[in-house]
There are 2 protein chains.
Amino acid sequence: MPRAGLDQAAVVAAGAALADEIGFAGLTMGRLAERLGVRTPSLYKHVAGQEDLNRGIAALALTEAASAVGTAIQGRAGRDALGAAAHAFRDFVLAHPGRYAATIGVEPTGPDDPIAVAGLGLLEAFSAVLRSYAVGPAETDHALRTVRSAFHGFATLQSANGFQWSADVGESFEWLIDLLDRGLHTAAGPVS
Amino acid sequence: MPRAGLDQAAVVAAGAALADEIGFAGLTMGRLAERLGVRTPSLYKHVAGQEDLNRGIAALALTEAASAVGTAIQGRAGRDALGAAAHAFRDFVLAHPGRYAATIGVEPTGPDDPIAVAGLGLLEAFSAVLRSYAVGPAETDHALRTVRSAFHGFATLQSANGFQWSADVGESFEWLIDLLDRGLHTAAGPVS
DNA sequence: AGGCACTGGCTAAGTACGTTAGCTTGGGGC
DNA sequence: GCCCCAAGCTAACGTACTTAGCCAGTGCCT
């Protein structure tokens, strides 16, 4: 009986792909094992359990999202960069809803947790966008959280079909980007 | 053996309370039954199953959130109303993380689904805020989605401890509200 | 008051999933 | 060629969701 030749990365990658196909909620150890042509307990040679698998998928998703955003903003600045980052992020979430869903509700265990590292990578990509706006250093964190919240909220709501009514969703997203663009340009003055 | 006197509303309410206490992921039919002093299968006399329970909790959460926001903005307008709505929403999510988590990833089955109705109620509350801004009718939907996305994103990220680094989270939230306020004031001109 | 029907509880049992224990064997290094 | 470890396997257990079917409390009607 030949071996499958799996390792942790392969199991996590397959789990992410399967989650994208059937939804994160439907991802089980049994289904993943079947997909990999292996019996369920064999997966435990590569991941510590379902929790560990989920965390691996979450870290992978954040890393890939950071990479997509980082690539998209190359050579751009201002509203151009903001729009590119926004679309890259949303496209990623819509193309990979399962693996991005794995990132929701996951808490990093510490600063060295791969999830924390990958999350910081994504923030760094957004941070590069802000550098082309005149946002003071004291406000960078606030602006970063604001942009991240807006993108995360929009993408997850759309991914869950939270937008039911009439208007075109793509148009709404452009509107959101415009609002952020205006808000970042006029960001000035102390908060406290 | 005396009867517990349960009904659907009581089961859903207890489920929501339990989810707030132990986290939505930890909510099981068994634990909920134990909390209610009843055996697990008895719950099925009131809810069709766990999926149905989750949907009930989600609808309850959206209804309560809408009520909280609606009450908070009474007699306010402009930035005052926006800030009141934002804080009412975020306070609700942070005070009831379990039941709000039930709303994530739930798709309404149709326009008559209680979840869809409750979701529209929450949007109506936010819509009342926008009426005190000079947002054109053609842009109301976009502005609504933008505000909803920003609040939802911020509240869920904070609820999941997604903000790890230094700056004060409350200050960031004020910054987000200010950005939205500025963006809504200057909202003008066609999108397409 | 007595009886009837309905409702809401119960036990028992089946299915699915996660997980652990312990065995077996493929395949590379000496 | 032998040894050893990693990676597969089977067996088994615990927990959770769900269904089937039974029984008793409660309200209503006569």
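Note that the structure is predicted; figures quoted are calculated from it, not measured. Below, chain A is the first sequence line, B the second, and so on; all start at residue 1.
Checking C/dT19, D/dT18, D/dG8 against the side-chain heavy atoms of B/Q50 singles out D/dT18 as nearest.
In this entry the distance linking CD of A/Q8 with C1' of D/dA6 reads 16 Å, nearest Å. Atom-to-atom, OH of A/Y44 to C1' of C/dA21 comes out at 13 Å; the value is rounded to the nearest Å. One interatomic measurement links the two molecules: CG of A/L36 to P of D/dC9, which rounds to 11 Å at whole-angstrom precision. Between the NZ atom of B/K45 and the P atom of C/dC6 there is a distance of 13 Å, given to the nearest Å. For the pair B/E34 CD and C/dC10 P, the computed distance is 13 Å after rounding to whole Å. Distance B/D52 CG to D/dT19 P: 11 Å, rounded to the nearest Å. For the pair B/R39 CZ and D/dC17 C1', the interatomic distance rounds to 16 Å; values are reported in whole Å. The CE atom of A/M29 sits 15 Å away from the C1' atom of D/dC9 (whole-angstrom rounding).
A donor atom on one side chain and an acceptor atom on the other are not found under 3.5 Å apart for B/D20 and B/Y100.
The 12-atom threshold is not exceeded at CD of A/E34, counting heavy atoms of other residues, nucleotides or ligands nearer than 6.0 Å.
Put simply, B/H46 has no side-chain N or O that comes within less than 4.0 Å of OP1 or OP2 on C/dT7. For D/dC9, one of the phosphate oxygens OP1 or OP2 lies less than 4.0 angstrom from a side-chain nitrogen or oxygen of A/S42.
Of the residues near DNA chain C, B/P41 and B/D7, the one whose nearest nucleotide (by heavy atom distance) lies more toward the 5' end is B/D7.
In this structure, B/R90 is positioned above the aromatic face of B/F173, its NZ or CZ under 6.0 Å from the six-membered ring centre and within 45° of the axis.
Using a cut-off of 4.0 Å between Lys/Arg side-chain N and Asp/Glu carboxylate O, A/R35 and A/E21 are scored as salt-bridged.
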